[in-house]
> 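This is the structure I have questions about; it appears just below.
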Amino acid sequence: MASKQMVHMNHGQGETSYAHNSSFQSAEQNRMKPLIEAAIVELCSNTTTMSHGKMVIADLGCSCGPNAVALVSIALEATHSHFLWLRQPPPEVSVLLNDLPYNDFNAVVKSLVAVRQIGEPLVVTGAVPGSFNERLFLSASVHLFCSSNSLYWLSKAPEDLRINQIPAYDIDENARRERLPVVAGAYAQQFRKDFTLFLQLRAKELVPEGRMVVSLQGRRSDEPVTESSLIWGTAAQILGTMASEV
Ligand SMILES: C[S@@+](CC[C@H](N)C(=O)[O-])C[C@H]1O[C@@H](n2cnc3c(N)ncnc32)[C@H](O)[C@@H]1O
């Protein structure tokens, strides 16, 4: 519970803010554009899903800064273009942004002002603080879930490692190599648990035949630090040292 309340990306607009240090994540969001557009076309072509002329789009783990509204903006634009092409009135859309409660929601709300449209086509907006590892939305109420660069955040460190005080990245190289299978296995298992729960929860919240477009980073090799990702080794060492001094 404590980590749920405290962990967040850097607030505000300063030099070290997430808003100014998230171009890597933004590139990932751009790669999702065609997938979101395809999902919108499928949704809008489904007369059952769209029968009430209303649509709910949600981003999970939105953070703050330009990336917070990037995916929902792609979805909105695709929706409006599709109905313009059909020469039909677009649906009323509700855009909801989720993150953990200590996220910079002041900044998120200001970003949402640019997304909101009070005329035709109507777009209403809202923030949904809470964990995506819990229920966030009403049953069968969301048409499209998007999420980028967020779903690999685990709900907690693996219990076995915590009890045995085994760090994720031991500074001692020999200990690290020896424990690698145990550590990697424990994190993989925790991810499996979290992601399975995540899918079960979203399945309840999606409308029938709703869509979900998510992206998360992974690696092909079991080796935590490969030549192309040496930076993670350095970052892990720094974080490990900081954590051992708490
Ligand atoms: C690296 S940021 C990604 C932000 C944005 N989606 C992007 O692509 O730039 C990860 C975000 O996920 C949020 N997050 C992590 N665990 C979460 C959870 N259980 N529920 C909701 N948000 C979570 C974090 O607070 C953080 O803002």
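Both counts, for ligands and for their atoms, begin at 1 and track the order of listing. All values derive from a computational prediction rather than experimental measurement.
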> Which atoms form the tightest heavy-atom contact between Asn98 and Gly130, and what is the distance?
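Asn98 and Gly130 have their closest heavy atoms at ND2-O, 2.9 Å.
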> Which pairs of donor and acceptor atoms, one on a side chain in residues 191-208, lie under 3.5 Å apart (sequence neighbours left out)?
from   : atom 1 : to     : atom 2 : distance (Å)
Asp194 : OD1    : Ser155 : OG     : 2.9
Asp194 : OD1    : Gln190 : NE2    : 3.2
Asp194 : OD2    : Ser155 : N      : 2.7
Asp194 : OD2    : Ser155 : OG     : 3.2
Thr196 : OG1    : Arg192 : O      : 2.6
Arg202 : NE     : Glu205 : OE1    : 2.7
Arg202 : NH1    : Phe132 : O      : 2.7
Arg202 : NH2    : Glu134 : O      : 3.0
Arg202 : NH2    : Glu205 : OE1    : 3.1
Arg202 : NH2    : Glu205 : OE2    : 3.4
Glu205 : OE2    : Arg135 : NE     : 3.1
Glu205 : OE2    : Leu136 : N      : 2.8
Glu205 : OE2    : Phe137 : N      : 3.0

> Under 3.5 Å, which donor-acceptor pairs link side chains of residues 104-125 to any protein atom two or more places apart or in another chain?
from   : atom 1 : to     : atom 2 : distance (Å)
Asp104 : OD1    : Ala107 : N      : 3.3
Asp104 : OD2    : Gly12  : N      : 2.8
Ser111 : OG     : Ala107 : O      : 3.2

> Measuring from each atom of ligand 1, which residues have a heavy atom under 4.0 Å away?
Met9, Tyr18, Gln25, Gln29, Gly61, Cys62, Ser63, Asn67, Asn98, Asp99, Leu100, Gly130, Ser131, Phe132, Asn133, Ser148, Asn149, Ser150, Trp153
> Give every donor-acceptor pair under 3.5 Å between a side-chain atom in residues 77-95 and any protein atom, sequence neighbours left out.
from  : atom 1 : to    : atom 2 : distance (Å)
Thr79 : OG1    : Ala75 : O      : 2.7
Ser81 : OG     : Glu77 : O      : 2.8

> Closest heavy-atom contact between Ser63 and Ala68?
O-CB, 3.6 Å
> Looking at every heavy atom in both Ser147 and Asp59, which two are closest together, and how far apart are they?
CA-OD1, 4.3 Å
